[in-house]
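Report on the following structure.
Values below: every heavy atom of this structure, side chains too, minus hydrogens, waters and symmetry copies. Indexing begins at 1, ligand by ligand and atom by atom, following the structure's order.
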Amino acid sequence: MGYSIAIAGKGGTGKTTLAALIIRLLKERKGGSVLGIDADPNNNLAEFLGVKVKESISGILDRVAAQPDKIPAGMTKDRFLEYQVQTIIQEDEGFDLLTMGRPEGAGCYCYVNNVLRNVMSGLIKDYDFVVIDNEAGLEHFSRKTTGSTTALVVISDSTAAGLRAAERISELVEELKIKTKNKFLIINRGDEEIDKEKINNRGLKYIGRIPEDPQLTDISINNNSVFSLKKDTASLAAMAGLLGKIITGGI
Ligand SMILES: Nc1ncnc2c1ncn2[C@@H]1O[C@H](COP(=O)(O)OP(=O)(O)O)[C@@H](O)[C@H]1O
Ligand SMILES: [Mg+2]
């Protein structure tokens, strides 16, 4: 059974950035196979990883919807979609990537969510590490797409509003009885120390901060990937320390 890390938090808190840093670090640890899942319809995890997305789950859905006769006789549509998802996992050096994408046309992407949920448990078994970059809203959690995760990592800024949002995610995960072994909180771009006790009482284990890092701004402006960061870059080095805590489950 693989170790799954689901990243959550408000928009702009740094979920995709930190997910990409984690994937890079897991790759370099050589501790087993790694799958990144971009579960945000406004996907950009691939960009942060320097991968060009060839096909997404939404793409498959659009294709199958346009040509329903392609579904083999005796196979349900769901089963067919699940099989197709396996075929679009992109293999890169040291990690694989699956992109959810955004369905074309109007309509909700709950169906994409459902497909993702159906394949998730299988994927978690197939890989040693699965890192899921979730969207800003809580739709995934409310539809239980994330299923059971080994570690939920909530990203927040250090503002009171940010911390309240983090707390709500933690509470929602409890309410929905989504199985998580640990719920961690990371403060991103926070300069000041926060009251650890207060946070830990919210069901989240505060494991530390990632500093404001101008190198991250650089890569995002120049469209570079996290692989262009030097090993001793402040954010990457800080994430390495926090990843150790995430994997060992403690502080
Ligand atoms: N620690 C940091 N230091 C500097 N810039 C950061 C840091 N974390 C994130 N950013 C920048 O903030 C922006 C939003 O980050 P992103 O990871 O896309 O957030 P989210 O996925 O939560 O919406 C990006 O331009 C990213 O480069
Ligand atoms: Mg994002």
Side-chain angles (χ1 to χ4, degrees), residues 5-26 35-51 53 56-58 97-102 109 112-113 116 130-141 145-146 151-159 161-170 172-173 183-194 204 206-243 246:
I5 302 171
I7 318 276
K10 269 198 329 185
T13 46
K15 293 180 295 298
T16 305
T17 306
L18 300 196
L21 292 179
I22 290 173
I23 290 168
R24 170 175 165 172
L25 290 161
L26 286 173
L35 173 69
I37 300 180
D38 185 346
D40 185 338
N42 305 302
N43 56 295
N44 59 355
L45 179 63
E47 274 167 46
F48 278 79
L49 291 167
V51 175
V53 177
S56 65
I57 297 179
S58 303
L97 186 68
L98 176 63
T99 299
M100 183 165 103
R102 177 200 282 280
Y109 56 92
V112 192
N113 260 336
L116 185 56
V130 178
V131 181
I132 308 144
D133 176 19
N134 287 287
E135 59 170 335
L138 300 175
E139 284 83 353
H140 277 65
F141 295 102
T145 308
T146 308
L152 174 78
V153 178
V154 184
I155 318 291
S156 173
D157 56 28
S158 54
T159 66
L163 292 170
R164 266 199 306 278
E167 179 186 10
R168 270 201 302 278
I169 293 171
S170 171
L172 191 60
V173 165
K183 289 188 290 174
F184 297 113
L185 176 74
I186 292 177
I187 302 291
N188 188 24
R189 318 176 81 155
D191 294 326
E192 66 278 10
E193 201 50 74
I194 55 162
L204 291 167
Y206 171 60
I207 48 169
R209 287 177 295 154
I210 303 287
E212 173 73 30
D213 186 348
Q215 304 239 46
L216 288 178
T217 318
D218 280 356
I219 65 163
S220 112
I221 289 171
N222 298 313
N223 239 332
N224 287 330
S225 79
V226 293
F227 292 102
S228 66
L229 295 170
K230 291 214 181 72
K231 254 207 162 76
D232 59 357
T233 305
S235 54
L236 186 63
M239 193 64 240
L242 300 189
L243 181 61
I246 291 169

For [X] and ligand 1, does the shortest N/O to N/O distance drop below 3.5 Å?
X      : answer
Asp133 : no
Ser235 : no
Gly12  : yes
Asn44  : no
Gly11  : no
Pro211 : yes

What protein heavy atom is closest to atom 8 (N) of ligand 1, reported as residue, atom name and distance in Å?
-> Asn188 ND2, 2.9 Å
Shortest protein contact, atom 11 (C) of ligand 1 (heavy atom only) = Arg189 NH1, 3.4 Å
Where does Ser220 meet ligand 1, judged by heavy-atom distances below 4.0 Å: at the side chain, the backbone, both, or neither?
-> side chain
For ligand 1, which atoms, with element, lie under 4.0 Å from some heavy atom of Thr17?
-> 9 (C), 15 (O), 16 (P), 17 (O), 26 (C)
Which ligand 1 atoms, with their elements, are less than 4.0 angstrom from a heavy-atom of Lys15?
-> 17 (O), 19 (O), 20 (P), 21 (O), 22 (O), 23 (O)
Would you check if there is a donor-acceptor pair between the side chains of Asp38 and Thr99 at a distance under 3.5 Å?
-> no
Measuring to the Mg ion (ligand 2), does Thr16 have an N/O/S atom at a distance below 2.8 Å?
-> yes
Atom CG in Asn134, atom CG in Asp40: separation rounded to 0.5 Å?
-> 8.5 Å
For the side chain to side chain contact (heavy atoms under 4.5 Å, CB included) test, which of Asn44, Val226, Thr16 pairs with Leu49?
-> Val226
